[in-house]
Participant: 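Dropping a structure here in C-alpha coordinates format, bear with me for questions.
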Protein chains: 2
Amino acid sequence: MTTKFEKKLKTRRALMDAALALVSEGKHYSSLSLRVVAKRAGVVPNAFYRHFTGLDELGLALSDEIGLLLRQLMRTARLKGLAADSMIADSVDFYMDNVRESPALFRFMAQSLTGGSPAMRQAIRLELGHFAKEMVMDLNSLRVLSDMSAVDLDMLGHLVITTVSSVTTELLDLPEDRENLVSEIRERTIKQVRLIFIGAGGWDKPSKKKRGKKS
Amino acid sequence: MTTKFEKKLKTRRALMDAALALVSEGKHYSSLSLRVVAKRAGVVPNAFYRHFTGLDELGLALSDEIGLLLRQLMRTARLKGLAADSMIADSVDFYMDNVRESPALFRFMAQSLTGGSPAMRQAIRLELGHFAKEMVMDLNSLRVLSDMSAVDLDMLGHLVITTVSSVTTELLDLPEDRENLVSEIRERTIKQVRLIFIGAGGWDKPSKKKRGKKS
DNA sequence: AACAAGAGTGTACAGCTGTACACAAACAGG
DNA sequence: CCTGTTTGTGTACAGCTGTACACTCTTGTT
(Lines give C-alpha, C1' and ligand atoms only; values in the text may rest on other atoms or scores of the structure.)
Protein backbone atom coordinates (compact mmCIF):
# COMPACT_ATOMS: atom_id res chain seq x y z
CA MET A 1 0.00 0.00 0.00
CA THR A 2 3.00 2.21 0.31
CA THR A 3 3.99 2.33 -3.31
CA LYS A 4 0.94 4.03 -4.68
CA PHE A 5 0.66 6.35 -1.76
CA GLU A 6 4.26 7.39 -2.05
CA LYS A 7 3.85 8.04 -5.73
CA LYS A 8 1.01 10.36 -5.01
CA LEU A 9 3.04 12.25 -2.45
CA LYS A 10 5.81 12.47 -4.96
CA THR A 11 3.83 14.36 -7.56
CA ARG A 12 2.29 16.47 -4.86
CA ARG A 13 5.80 17.40 -3.90
CA ALA A 14 6.64 18.02 -7.55
CA LEU A 15 3.77 20.49 -7.78
CA MET A 16 4.87 22.36 -4.69
CA ASP A 17 8.46 22.41 -5.87
CA ALA A 18 7.40 23.66 -9.26
CA ALA A 19 5.56 26.56 -7.68
CA LEU A 20 8.55 27.35 -5.50
CA ALA A 21 10.87 27.18 -8.47
CA LEU A 22 8.76 29.66 -10.39
CA VAL A 23 8.65 31.99 -7.41
CA SER A 24 12.37 31.64 -7.07
CA GLU A 25 12.79 32.74 -10.65
CA GLY A 26 11.20 36.07 -9.87
CA LYS A 27 7.52 35.53 -10.46
CA HIS A 28 5.07 36.43 -7.76
CA TYR A 29 3.05 33.58 -6.41
CA SER A 30 -0.24 35.29 -7.08
CA SER A 31 0.62 35.63 -10.74
CA LEU A 32 1.25 31.94 -11.24
CA SER A 33 -1.16 29.87 -13.26
CA LEU A 34 -2.27 26.37 -12.55
CA ARG A 35 -1.21 25.34 -16.01
CA VAL A 36 2.37 26.47 -15.88
CA VAL A 37 2.81 25.01 -12.41
CA ALA A 38 1.50 21.69 -13.65
CA LYS A 39 3.68 21.80 -16.74
CA ARG A 40 6.72 22.61 -14.65
CA ALA A 41 5.91 19.66 -12.41
CA GLY A 42 5.73 17.42 -15.43
CA VAL A 43 2.05 16.64 -15.28
CA VAL A 44 -0.94 17.53 -17.33
CA PRO A 45 -3.01 20.46 -15.99
CA ASN A 46 -5.88 18.29 -14.91
CA ALA A 47 -3.72 16.16 -12.67
CA PHE A 48 -3.36 19.18 -10.44
CA TYR A 49 -6.86 18.65 -9.11
CA ARG A 50 -5.97 15.25 -7.71
CA HIS A 51 -3.84 17.04 -5.12
CA PHE A 52 -5.19 20.52 -4.58
CA THR A 53 -8.46 22.25 -5.27
CA GLY A 54 -6.58 25.19 -6.69
CA LEU A 55 -3.56 27.40 -6.27
CA ASP A 56 -4.86 28.79 -3.00
CA GLU A 57 -4.70 25.40 -1.38
CA LEU A 58 -1.20 24.81 -2.73
CA GLY A 59 -0.22 28.13 -1.19
CA LEU A 60 -1.53 27.10 2.18
CA ALA A 61 0.42 23.86 1.95
CA LEU A 62 3.53 25.91 1.34
CA SER A 63 2.69 28.06 4.34
CA ASP A 64 2.56 24.96 6.47
CA GLU A 65 5.94 24.02 5.16
CA ILE A 66 7.32 27.37 6.23
CA GLY A 67 5.94 26.83 9.69
CA LEU A 68 7.73 23.53 9.81
CA LEU A 69 10.96 25.05 8.65
CA LEU A 70 10.79 27.82 11.23
CA ARG A 71 10.07 25.39 14.02
CA GLN A 72 12.93 23.21 12.92
CA LEU A 73 15.21 26.21 12.72
CA MET A 74 14.28 27.22 16.22
CA ARG A 75 14.77 23.74 17.56
CA THR A 76 18.23 23.16 16.14
CA ALA A 77 19.26 26.65 17.20
CA ARG A 78 18.22 25.68 20.68
CA LEU A 79 20.17 22.44 20.57
CA LYS A 80 23.27 24.30 19.59
CA GLY A 81 23.28 25.94 23.00
CA LEU A 82 24.91 29.11 21.85
CA ALA A 83 27.49 30.78 23.99
CA ALA A 84 26.21 33.90 25.65
CA ASP A 85 28.89 36.18 24.34
CA SER A 86 28.45 35.38 20.66
CA MET A 87 24.81 34.44 20.79
CA ILE A 88 23.53 37.34 18.74
CA ALA A 89 26.07 37.02 15.97
CA ASP A 90 25.63 33.27 15.83
CA SER A 91 21.87 33.51 15.66
CA VAL A 92 21.97 36.05 12.85
CA ASP A 93 24.44 33.89 11.00
CA PHE A 94 22.29 30.87 11.51
CA TYR A 95 19.21 32.60 10.17
CA MET A 96 21.05 33.97 7.17
CA ASP A 97 22.49 30.58 6.38
CA ASN A 98 19.04 29.10 6.46
CA VAL A 99 17.71 31.75 4.11
CA ARG A 100 20.48 31.11 1.66
CA GLU A 101 19.88 27.40 1.92
CA SER A 102 16.15 27.49 1.18
CA PRO A 103 15.83 30.66 -0.85
CA ALA A 104 12.63 29.62 -2.57
CA LEU A 105 10.68 29.02 0.62
CA PHE A 106 11.88 32.23 2.20
CA ARG A 107 11.11 34.18 -0.92
CA PHE A 108 7.64 32.74 -0.87
CA MET A 109 7.35 33.68 2.78
CA ALA A 110 8.39 37.25 2.16
CA GLN A 111 6.02 37.58 -0.78
CA SER A 112 3.05 36.09 0.97
CA LEU A 113 3.52 38.19 4.06
CA THR A 114 2.54 41.31 2.14
CA GLY A 115 0.88 40.05 -0.96
CA GLY A 116 -0.73 36.68 -0.50
CA SER A 117 -4.35 35.84 -0.01
CA PRO A 118 -5.72 36.90 3.37
CA ALA A 119 -5.60 33.30 4.55
CA MET A 120 -1.98 32.91 3.59
CA ARG A 121 -0.98 36.20 5.14
CA GLN A 122 -2.61 35.20 8.36
CA ALA A 123 -1.05 31.75 8.32
CA ILE A 124 2.45 33.11 7.88
CA ARG A 125 2.01 35.90 10.37
CA LEU A 126 0.89 33.29 12.84
CA GLU A 127 4.01 31.25 12.26
CA LEU A 128 6.24 34.26 12.70
CA GLY A 129 4.37 35.20 15.86
CA HIS A 130 4.90 31.72 17.17
CA PHE A 131 8.57 32.05 16.35
CA ALA A 132 8.80 35.32 18.26
CA LYS A 133 7.00 33.84 21.22
CA GLU A 134 9.36 30.92 21.50
CA MET A 135 12.30 33.24 21.31
CA VAL A 136 10.93 35.30 24.13
CA MET A 137 10.37 32.18 26.20
CA ASP A 138 13.96 31.19 25.65
CA LEU A 139 15.16 34.58 26.69
CA ASN A 140 13.08 34.32 29.77
CA SER A 141 14.35 30.91 30.76
CA LEU A 142 17.89 32.12 30.27
CA ARG A 143 17.18 34.65 32.98
CA VAL A 144 18.02 37.51 30.67
CA LEU A 145 15.84 40.58 30.84
CA SER A 146 13.61 38.98 33.40
CA ASP A 147 12.54 42.36 34.71
CA MET A 148 10.45 43.12 31.66
CA SER A 149 6.71 42.72 31.77
CA ALA A 150 5.05 40.11 29.59
CA VAL A 151 3.72 42.72 27.16
CA ASP A 152 7.09 44.32 26.86
CA LEU A 153 8.72 40.99 26.21
CA ASP A 154 6.26 40.40 23.41
CA MET A 155 7.08 43.80 22.06
CA LEU A 156 10.75 42.93 22.15
CA GLY A 157 10.28 39.61 20.40
CA HIS A 158 8.22 41.24 17.72
CA LEU A 159 10.90 43.84 17.17
CA VAL A 160 13.68 41.31 16.82
CA ILE A 161 11.71 39.14 14.43
CA THR A 162 10.74 42.11 12.32
CA THR A 163 14.33 43.22 12.12
CA VAL A 164 15.75 39.87 11.22
CA SER A 165 13.04 38.85 8.83
CA SER A 166 13.31 42.12 6.97
CA VAL A 167 16.77 40.97 6.00
CA THR A 168 15.27 38.08 4.09
CA THR A 169 14.24 39.94 0.97
CA GLU A 170 17.34 42.07 1.03
CA LEU A 171 19.43 38.94 1.05
CA LEU A 172 17.51 37.22 -1.70
CA ASP A 173 17.63 40.25 -3.94
CA LEU A 174 21.38 40.52 -3.98
CA PRO A 175 22.64 40.30 -7.54
CA GLU A 176 24.75 37.22 -7.98
CA ASP A 177 27.86 39.20 -8.68
CA ARG A 178 27.79 41.28 -5.55
CA GLU A 179 27.65 38.59 -2.96
CA ASN A 180 30.29 40.41 -1.02
CA LEU A 181 27.48 42.59 0.26
CA VAL A 182 26.32 39.66 2.34
CA SER A 183 28.87 40.32 5.04
CA GLU A 184 27.86 43.97 5.01
CA ILE A 185 24.24 43.04 5.67
CA ARG A 186 25.42 40.61 8.29
CA GLU A 187 27.40 43.20 10.19
CA ARG A 188 24.57 45.68 10.09
CA THR A 189 22.00 43.21 11.28
CA ILE A 190 24.15 42.02 14.13
CA LYS A 191 24.63 45.60 15.18
CA GLN A 192 20.93 46.21 15.02
CA VAL A 193 20.05 43.26 17.19
CA ARG A 194 22.79 44.15 19.62
CA LEU A 195 21.48 47.68 19.80
CA ILE A 196 18.01 46.36 20.49
CA PHE A 197 19.26 44.30 23.40
CA ILE A 198 21.18 47.24 24.77
CA GLY A 199 17.88 49.09 24.65
CA ALA A 200 16.15 46.21 26.38
CA GLY A 201 18.80 46.25 29.09
CA GLY A 202 18.12 49.90 29.76
CA TRP A 203 14.37 49.49 29.56
CA ASP A 204 12.70 50.99 32.58
CA LYS A 205 9.36 49.43 33.19
CA PRO A 206 6.25 51.50 32.44
CA SER A 207 7.17 53.98 35.08
CA LYS A 208 6.48 57.48 33.92
CA LYS A 209 4.66 58.85 30.91
CA LYS A 210 2.26 56.04 30.46
CA ARG A 211 -1.06 56.69 28.86
CA GLY A 212 -0.76 58.80 25.73
CA LYS A 213 -3.78 59.88 23.79
CA LYS A 214 -5.95 56.91 23.01
CA SER A 215 -6.47 57.53 19.29
CA MET B 1 -2.92 74.12 -25.21
CA THR B 2 -3.82 73.34 -21.67
CA THR B 3 -7.14 71.68 -22.26
CA LYS B 4 -5.99 68.74 -24.27
CA PHE B 5 -2.91 68.24 -22.16
CA GLU B 6 -4.88 68.26 -18.96
CA LYS B 7 -7.31 65.77 -20.35
CA LYS B 8 -4.49 63.41 -21.09
CA LEU B 9 -3.14 63.73 -17.57
CA LYS B 10 -6.60 63.08 -16.30
CA THR B 11 -6.98 59.68 -17.90
CA ARG B 12 -3.42 58.87 -16.97
CA ARG B 13 -4.42 59.56 -13.40
CA ALA B 14 -7.54 57.47 -13.86
CA LEU B 15 -5.42 54.53 -14.94
CA MET B 16 -3.13 54.86 -11.95
CA ASP B 17 -6.06 55.23 -9.60
CA ALA B 18 -7.74 52.22 -11.11
CA ALA B 19 -4.67 50.11 -10.47
CA LEU B 20 -4.44 51.39 -6.92
CA ALA B 21 -8.11 50.70 -6.35
CA LEU B 22 -7.71 47.12 -7.49
CA VAL B 23 -4.70 46.68 -5.26
CA SER B 24 -6.64 48.17 -2.41
CA GLU B 25 -9.33 45.59 -2.93
CA GLY B 26 -6.90 42.83 -2.17
CA LYS B 27 -5.43 41.93 -5.52
CA HIS B 28 -1.70 41.85 -5.93
CA TYR B 29 -0.30 44.31 -8.41
CA SER B 30 1.52 41.64 -10.36
CA SER B 31 -1.71 39.78 -10.92
CA LEU B 32 -3.50 42.73 -12.47
CA SER B 33 -4.27 42.73 -16.15
CA LEU B 34 -4.06 45.64 -18.50
CA ARG B 35 -7.62 45.08 -19.55
CA VAL B 36 -9.24 45.21 -16.14
CA VAL B 37 -7.21 48.25 -15.19
CA ALA B 38 -8.36 50.00 -18.35
CA LYS B 39 -11.95 48.97 -17.80
CA ARG B 40 -11.82 50.20 -14.23
CA ALA B 41 -10.45 53.51 -15.46
CA GLY B 42 -13.32 53.80 -17.89
CA VAL B 43 -11.32 53.48 -21.08
CA VAL B 44 -10.96 50.87 -23.75
CA PRO B 45 -7.95 48.56 -23.36
CA ASN B 46 -6.09 50.05 -26.27
CA ALA B 47 -6.16 53.53 -24.80
CA PHE B 48 -3.80 52.27 -22.14
CA TYR B 49 -0.94 52.37 -24.58
CA ARG B 50 -1.32 56.11 -25.09
CA HIS B 51 -0.01 56.55 -21.55
CA PHE B 52 2.14 53.57 -20.62
CA THR B 53 3.94 50.89 -22.57
CA GLY B 54 2.60 48.30 -20.18
CA LEU B 55 1.82 47.57 -16.57
CA ASP B 56 5.47 47.69 -15.61
CA GLU B 57 5.70 51.32 -16.56
CA LEU B 58 2.53 52.11 -14.66
CA GLY B 59 4.07 50.44 -11.65
CA LEU B 60 7.15 52.60 -11.88
CA ALA B 61 4.97 55.69 -12.10
CA LEU B 62 3.30 54.58 -8.89
CA SER B 63 6.69 54.07 -7.30
CA ASP B 64 7.55 57.65 -8.14
CA GLU B 65 4.36 58.70 -6.50
CA ILE B 66 5.36 56.89 -3.33
CA GLY B 67 8.66 58.67 -3.34
CA LEU B 68 6.81 61.95 -3.58
CA LEU B 69 4.52 61.03 -0.75
CA LEU B 70 7.39 60.00 1.50
CA ARG B 71 9.28 63.19 0.81
CA GLN B 72 6.18 65.22 1.49
CA LEU B 73 5.59 63.31 4.68
CA MET B 74 9.10 63.97 5.82
CA ARG B 75 8.86 67.65 4.98
CA THR B 76 5.65 68.37 6.82
CA ALA B 77 6.88 66.34 9.77
CA ARG B 78 9.88 68.60 9.83
CA LEU B 79 7.76 71.73 9.65
CA LYS B 80 5.80 70.57 12.62
CA GLY B 81 8.90 70.92 14.75
CA LEU B 82 7.96 68.24 17.17
CA ALA B 83 8.64 68.67 20.84
CA ALA B 84 11.55 66.58 22.02
CA ASP B 85 9.67 64.80 24.75
CA SER B 86 6.83 63.50 22.60
CA MET B 87 8.71 63.32 19.35
CA ILE B 88 8.68 59.56 19.02
CA ALA B 89 5.01 59.14 19.78
CA ASP B 90 4.08 62.01 17.50
CA SER B 91 6.14 60.67 14.63
CA VAL B 92 4.62 57.23 14.91
CA ASP B 93 1.17 58.76 15.04
CA PHE B 94 1.94 60.87 12.04
CA TYR B 95 3.13 57.93 10.01
CA MET B 96 0.16 55.81 10.97
CA ASP B 97 -2.23 58.59 10.09
CA ASN B 98 -0.65 58.87 6.70
CA VAL B 99 -0.95 55.16 6.09
CA ARG B 100 -4.60 55.22 6.98
CA GLU B 101 -5.11 58.23 4.75
CA SER B 102 -3.53 56.73 1.62
CA PRO B 103 -4.05 53.04 2.17
CA ALA B 104 -3.85 52.14 -1.49
CA LEU B 105 -0.45 53.68 -2.08
CA PHE B 106 1.00 52.18 1.06
CA ARG B 107 -0.43 48.81 0.25
CA PHE B 108 1.16 49.03 -3.14
CA MET B 109 4.42 50.00 -1.49
CA ALA B 110 4.36 47.06 0.88
CA GLN B 111 3.51 44.65 -1.93
CA SER B 112 6.13 45.92 -4.31
CA LEU B 113 8.85 45.87 -1.71
CA THR B 114 8.78 42.10 -1.61
CA GLY B 115 6.96 41.10 -4.74
CA GLY B 116 7.29 43.64 -7.50
CA SER B 117 9.49 43.55 -10.54
CA PRO B 118 13.17 44.00 -9.76
CA ALA B 119 13.02 47.56 -11.03
CA MET B 120 10.08 48.41 -8.79
CA ARG B 121 11.66 46.77 -5.77
CA GLN B 122 14.80 48.75 -6.29
CA ALA B 123 12.92 51.99 -6.83
CA ILE B 124 11.00 51.64 -3.61
CA ARG B 125 13.95 50.49 -1.59
CA LEU B 126 15.76 53.54 -2.83
CA GLU B 127 12.97 55.79 -1.66
CA LEU B 128 12.90 54.18 1.74
CA GLY B 129 16.66 54.48 1.99
CA HIS B 130 16.40 58.14 1.15
CA PHE B 131 13.78 58.48 3.83
CA ALA B 132 16.04 56.84 6.39
CA LYS B 133 18.95 59.03 5.38
CA GLU B 134 17.00 62.23 5.87
CA MET B 135 15.85 61.05 9.24
CA VAL B 136 19.40 60.39 10.28
CA MET B 137 20.41 63.84 9.06
CA ASP B 138 17.69 65.37 11.15
CA LEU B 139 18.76 63.45 14.19
CA ASN B 140 22.27 64.62 13.62
CA SER B 141 21.37 68.27 13.26
CA LEU B 142 19.32 68.04 16.42
CA ARG B 143 22.53 67.11 18.17
CA VAL B 144 21.09 63.84 19.37
CA LEU B 145 23.32 60.81 19.30
CA SER B 146 26.13 62.77 17.74
CA ASP B 147 28.66 60.34 19.10
CA MET B 148 27.72 57.60 16.68
CA SER B 149 29.80 56.94 13.63
CA ALA B 150 28.31 57.50 10.19
CA VAL B 151 27.91 53.79 9.53
CA ASP B 152 26.22 53.27 12.85
CA LEU B 153 23.87 56.14 12.19
CA ASP B 154 22.91 54.53 8.91
CA MET B 155 22.35 51.30 10.75
CA LEU B 156 20.11 53.10 13.19
CA GLY B 157 18.08 54.82 10.49
CA HIS B 158 17.62 51.54 8.69
CA LEU B 159 16.42 49.91 11.87
CA VAL B 160 13.86 52.58 12.61
CA ILE B 161 12.51 52.62 9.08
CA THR B 162 12.26 48.85 9.02
CA THR B 163 10.40 48.85 12.29
CA VAL B 164 7.95 51.55 11.37
CA SER B 165 7.34 50.41 7.82
CA SER B 166 6.66 46.89 8.97
CA VAL B 167 3.65 48.30 10.70
CA THR B 168 2.19 49.29 7.36
CA THR B 169 0.89 45.91 6.30
CA GLU B 170 -0.22 45.06 9.78
CA LEU B 171 -2.27 48.22 9.86
CA LEU B 172 -3.80 47.72 6.44
CA ASP B 173 -4.74 44.15 7.20
CA LEU B 174 -6.82 44.94 10.23
CA PRO B 175 -10.36 43.66 9.75
CA GLU B 176 -12.79 46.54 9.69
CA ASP B 177 -14.51 45.42 12.83
CA ARG B 178 -11.45 45.29 15.02
CA GLU B 179 -10.14 48.77 14.53
CA ASN B 180 -9.58 49.01 18.24
CA LEU B 181 -6.39 47.10 17.63
CA VAL B 182 -4.97 50.22 16.05
CA SER B 183 -4.14 51.73 19.40
CA GLU B 184 -2.55 48.47 20.43
CA ILE B 185 -0.25 48.53 17.45
CA ARG B 186 0.42 52.17 18.11
CA GLU B 187 1.51 51.55 21.68
CA ARG B 188 3.72 48.69 20.70
CA THR B 189 5.42 50.58 17.90
CA ILE B 190 6.08 53.59 20.08
CA LYS B 191 7.62 51.33 22.65
CA GLN B 192 9.77 49.70 20.03
CA VAL B 193 11.11 52.96 18.69
CA ARG B 194 11.70 54.21 22.17
CA LEU B 195 13.59 51.05 23.01
CA ILE B 196 15.70 51.50 19.92
CA PHE B 197 16.66 54.99 20.97
CA ILE B 198 17.49 53.82 24.46
CA GLY B 199 19.78 51.33 22.80
CA ALA B 200 21.28 54.05 20.65
CA GLY B 201 21.89 56.11 23.77
CA GLY B 202 23.83 53.28 25.34
CA TRP B 203 25.66 52.47 22.14
CA ASP B 204 29.39 52.27 22.75
CA LYS B 205 31.26 52.97 19.60
CA PRO B 206 33.05 50.09 17.90
CA SER B 207 35.30 49.61 20.86
CA LYS B 208 35.75 45.98 21.67
CA LYS B 209 34.75 42.83 19.86
CA LYS B 210 34.96 44.16 16.40
CA ARG B 211 35.71 41.87 13.54
CA GLY B 212 33.70 38.67 13.70
CA LYS B 213 34.19 35.95 11.13
CA LYS B 214 34.00 37.35 7.65
CA SER B 215 31.48 34.89 6.17
C1' DA C 1 -8.57 -13.91 -11.16
C1' DA C 2 -11.90 -10.34 -10.95
C1' DC C 3 -12.92 -5.94 -9.42
C1' DA C 4 -13.04 -1.24 -7.59
C1' DA C 5 -10.26 3.02 -6.76
C1' DG C 6 -7.94 6.49 -8.18
C1' DA C 7 -3.73 8.93 -10.44
C1' DG C 8 -2.81 10.77 -14.71
C1' DT C 9 -4.21 11.68 -19.79
C1' DG C 10 -6.56 13.91 -23.96
C1' DT C 11 -9.97 16.59 -25.83
C1' DA C 12 -12.88 20.36 -25.55
C1' DC C 13 -14.70 24.93 -24.64
C1' DA C 14 -15.87 29.45 -23.05
C1' DG C 15 -13.64 33.36 -21.24
C1' DC C 16 -9.86 36.28 -20.68
C1' DT C 17 -5.16 38.00 -22.12
C1' DG C 18 -2.05 41.35 -24.78
C1' DT C 19 -1.69 43.74 -28.82
C1' DA C 20 -2.00 44.97 -33.98
C1' DC C 21 -4.69 47.56 -37.30
C1' DA C 22 -7.70 50.85 -39.20
C1' DC C 23 -10.59 54.40 -37.95
C1' DA C 24 -13.23 58.60 -35.55
C1' DA C 25 -13.36 62.64 -33.14
C1' DA C 26 -11.26 66.46 -30.95
C1' DC C 27 -8.09 69.80 -30.70
C1' DA C 28 -3.65 72.60 -31.94
C1' DG C 29 -1.21 75.80 -34.82
C1' DG C 30 -0.97 77.67 -39.41
C1' DC D 1 -10.94 77.63 -42.03
C1' DC D 2 -8.31 74.08 -42.72
C1' DT D 3 -4.80 70.50 -41.78
C1' DG D 4 -1.84 67.59 -39.09
C1' DT D 5 -1.51 65.46 -34.31
C1' DT D 6 -3.03 62.98 -31.01
C1' DT D 7 -6.46 60.68 -27.71
C1' DG D 8 -9.71 57.27 -27.68
C1' DT D 9 -12.65 53.56 -30.22
C1' DG D 10 -13.99 49.04 -32.60
C1' DT D 11 -12.74 44.93 -34.54
C1' DA D 12 -9.85 41.11 -34.79
C1' DC D 13 -6.86 37.32 -33.55
C1' DA D 14 -3.74 34.06 -31.59
C1' DG D 15 -2.49 32.37 -27.20
C1' DC D 16 -3.32 31.34 -22.55
C1' DT D 17 -6.61 30.49 -18.59
C1' DG D 18 -9.48 27.29 -15.52
C1' DT D 19 -12.13 23.40 -15.59
C1' DA D 20 -15.60 19.72 -17.22
C1' DC D 21 -15.96 15.13 -19.30
C1' DA D 22 -14.77 10.70 -20.66
C1' DC D 23 -10.84 7.81 -20.87
C1' DT D 24 -6.71 4.57 -19.74
C1' DC D 25 -3.73 2.60 -16.99
C1' DT D 26 -1.77 1.04 -12.59
C1' DT D 27 -2.52 -0.66 -8.16
C1' DG D 28 -4.52 -2.83 -3.76
C1' DT D 29 -8.34 -5.62 -2.16
C1' DT D 30 -11.48 -9.26 -2.37
Side-chain angles (χ1 to χ4, degrees), chain A residues 1-23 25-62 108 111-112 115-120, chain B residues 1-23 25-62 108 111-112 115-120:
Chain A
M1 177 183 172
T2 48
T3 320
K4 196 170 185 180
F5 194 62
E6 279 171 1
K7 186 122 191 170
K8 171 158 188 180
L9 286 188
K10 204 169 150 193
T11 61
R12 181 188 155 97
R13 188 95 282 278
L15 286 168
M16 293 170 69
D17 286 343
L20 285 177
L22 290 165
V23 163
E25 286 164 13
K27 296 194 191 304
H28 194 279
Y29 184 81
S30 67
S31 75
L32 296 186
S33 86
L34 186 152
R35 281 180 114 106
V36 313
V37 171
K39 178 175 293 180
R40 185 59 166 271
V43 276
V44 91
N46 254 325
F48 187 99
Y49 295 111
R50 302 284 181 195
H51 305 270
F52 305 100
T53 64
L55 283 173
D56 289 356
E57 202 172 287
L58 206 181
L60 287 180
L62 289 176
F108 173 80
Q111 278 188 5
S112 305
S117 73
M120 266 164 54
Chain B
M1 179 182 172
T2 50
T3 321
K4 198 170 185 180
F5 194 64
E6 280 172 0
K7 187 120 191 171
K8 171 158 189 180
L9 286 187
K10 204 170 150 193
T11 61
R12 182 187 154 98
R13 188 97 280 279
L15 285 168
M16 293 170 69
D17 286 343
L20 284 177
L22 290 165
V23 164
E25 286 164 13
K27 297 194 190 304
H28 194 279
Y29 184 80
S30 68
S31 76
L32 296 185
S33 86
L34 186 153
R35 280 180 114 107
V36 312
V37 171
K39 178 176 292 180
R40 185 60 166 270
V43 276
V44 91
N46 255 325
F48 187 100
Y49 295 112
R50 303 289 182 192
H51 304 272
F52 306 99
T53 65
L55 282 172
D56 289 356
E57 203 172 286
L58 207 181
L60 288 180
L62 289 176
F108 173 80
Q111 277 188 5
S112 306
S117 72
M120 266 164 55

Participant: B:L15 and side chain to side chain contact (heavy atoms under 4.5 Å, CB included): which single residue from B:V37, B:L20, B:L55 fits?
Facilitator: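 That would be B:V37.
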Participant: Starting from P on C:dT19, measure out to CD on B:E57 and report it in whole angstrom.
Facilitator: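 Rounded to whole Å, this separation is 12 Å.
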Participant: Is B:Y29 close to B:L62 at the side-chain level, that is, under 4.5 Å between some pair of heavy atoms?
Facilitator: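 When only atoms from C-beta onward are counted, B:Y29 and B:L62 do touch, with a gap below 4.5 Å.
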Participant: To the nearest Å, give me how far apart CG (A:L15) and C1' (C:dA7) are.
Facilitator: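 It works out to 12 Å between those atoms.
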Participant: Collect all protein-nucleotide pairs involving nucleotides 8-10 of chain C in which both atoms are nitrogen or oxygen and the distance is under 3.5 Å.
Facilitator:
residue, atom, partner, partner atom, Å
C:dG8, OP1, A:T11, OG1, 3.1
C:dG8, OP2, A:T11, OG1, 3.4
C:dG8, OP2, A:H51, NE2, 2.7
C:dG8, N7, A:R50, NE, 2.9
C:dG8, N7, A:R50, NH2, 3.3
C:dG8, O6, A:R50, NH2, 2.4
C:dT9, OP2, A:V44, N, 2.9
C:dG10, O6, A:N46, ND2, 2.3

Participant: Taking CZ from A:R12 and P from C:dG6, how many angstroms apart are they, rounded to a whole number?
Facilitator: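 Interatomic distance, CZ of A:R12 to P of C:dG6: 17 Å.
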Participant: Would you say that A:L34 contacts A:Y49 through its side chain, given a criterion of any heavy-atom pair below 4.5 Å between the two side chains?
Facilitator: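 Yes, their side chains come closer than 4.5 Å.
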Participant: Do the side chains of B:V23 and B:L32 get nearer than 4.5 Å, heavy atoms only?
Facilitator: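 Result yes, sub-4.5 Å side-chain heavy-atom pair found.
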Participant: Among residues at least two apart in sequence or on other chains, which ones pass side-chain hydrogen bond (donor to acceptor under 3.5 Å, both in side chains) with A:T11?
Facilitator: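 Partners of A:T11 under the side-chain hydrogen bond (donor to acceptor under 3.5 Å, both in side chains) test: A:H51.
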Participant: Per the salt bridge (Lys or Arg N to Asp or Glu O under 4.0 Å) rule, what does the pair list look like for residues 27-44 of chain B, sequence neighbours excluded?
Facilitator: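 Sorted pair list: B:E25-B:R40.
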Participant: Considering only heavy atoms from C-beta outward, does the side chain of B:M16 approach that of B:F52 to under 4.5 Å?
Facilitator: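 The answer is yes; the side chains approach within 4.5 Å.
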Participant: Pairs in or reaching into residues 48-59 of chain B: which pass salt bridge (Lys or Arg N to Asp or Glu O under 4.0 Å), with residues at least two apart or in two chains?
Facilitator: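 Residue pairs passing salt bridge (Lys or Arg N to Asp or Glu O under 4.0 Å), neighbours aside: none found.
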Participant: So which protein nitrogen or oxygen atoms get under 3.5 Å of nucleotides 3-5 of chain C's nitrogens or oxygens?
Facilitator:
none

Participant: I'd like to check the side-chain hydrogen bond (donor to acceptor under 3.5 Å, both in side chains) partners of B:R12; sequence neighbours left out, ordered by chain and number.
Facilitator: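 If we apply the side-chain hydrogen bond (donor to acceptor under 3.5 Å, both in side chains) test to B:R12, skipping adjacent residues, there are no hits.
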Participant: Check the distance between C:dA20's C1' and B:F48's CZ and give it to me in whole angstrom.
Facilitator: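 Rounded to the whole Å, the gap is 16 Å.
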Participant: Rounded to the nearest Å, what distance is computed from the CG atom of residue B:L9 to the P atom of nucleotide D:dT7?
Facilitator: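 To the nearest whole Å, that distance equals 10 Å.
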Participant: Going by side-chain hydrogen bond (donor to acceptor under 3.5 Å, both in side chains), name the residues that satisfy it together with B:N46, two or more places apart in sequence or in a different chain.
Facilitator: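 Not a single residue meets the side-chain hydrogen bond (donor to acceptor under 3.5 Å, both in side chains) criterion with B:N46.
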Participant: Among all residues two or more places apart in sequence or in another chain, which pass the side-chain contact (heavy atoms from CB on, under 4.5 Å) test with B:A47?
Facilitator: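 For B:A47, the residues satisfying side-chain contact (heavy atoms from CB on, under 4.5 Å) (neighbours in sequence not counted) are B:V43, B:V44.
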Participant: In whole angstrom, give the distance that lies between atom CZ of B:F52 and atom P of C:dT19.
Facilitator: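 To the nearest whole Å, that distance equals 15 Å.
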Participant: Once you round it to whole Å, what is the distance between P of C:dC21 and OH of B:Y49?
Facilitator: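 One finds 13 Å between P of C:dC21 and OH of B:Y49, rounded.
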Participant: Between the protein and nucleotides 14-17 of chain C, are there any N/O to N/O pairs under 3.5 Å, and if so, what are the atom names and distances?
Facilitator:
residue, atom, partner, partner atom, Å
C:dT17, OP1, B:S33, OG, 2.7

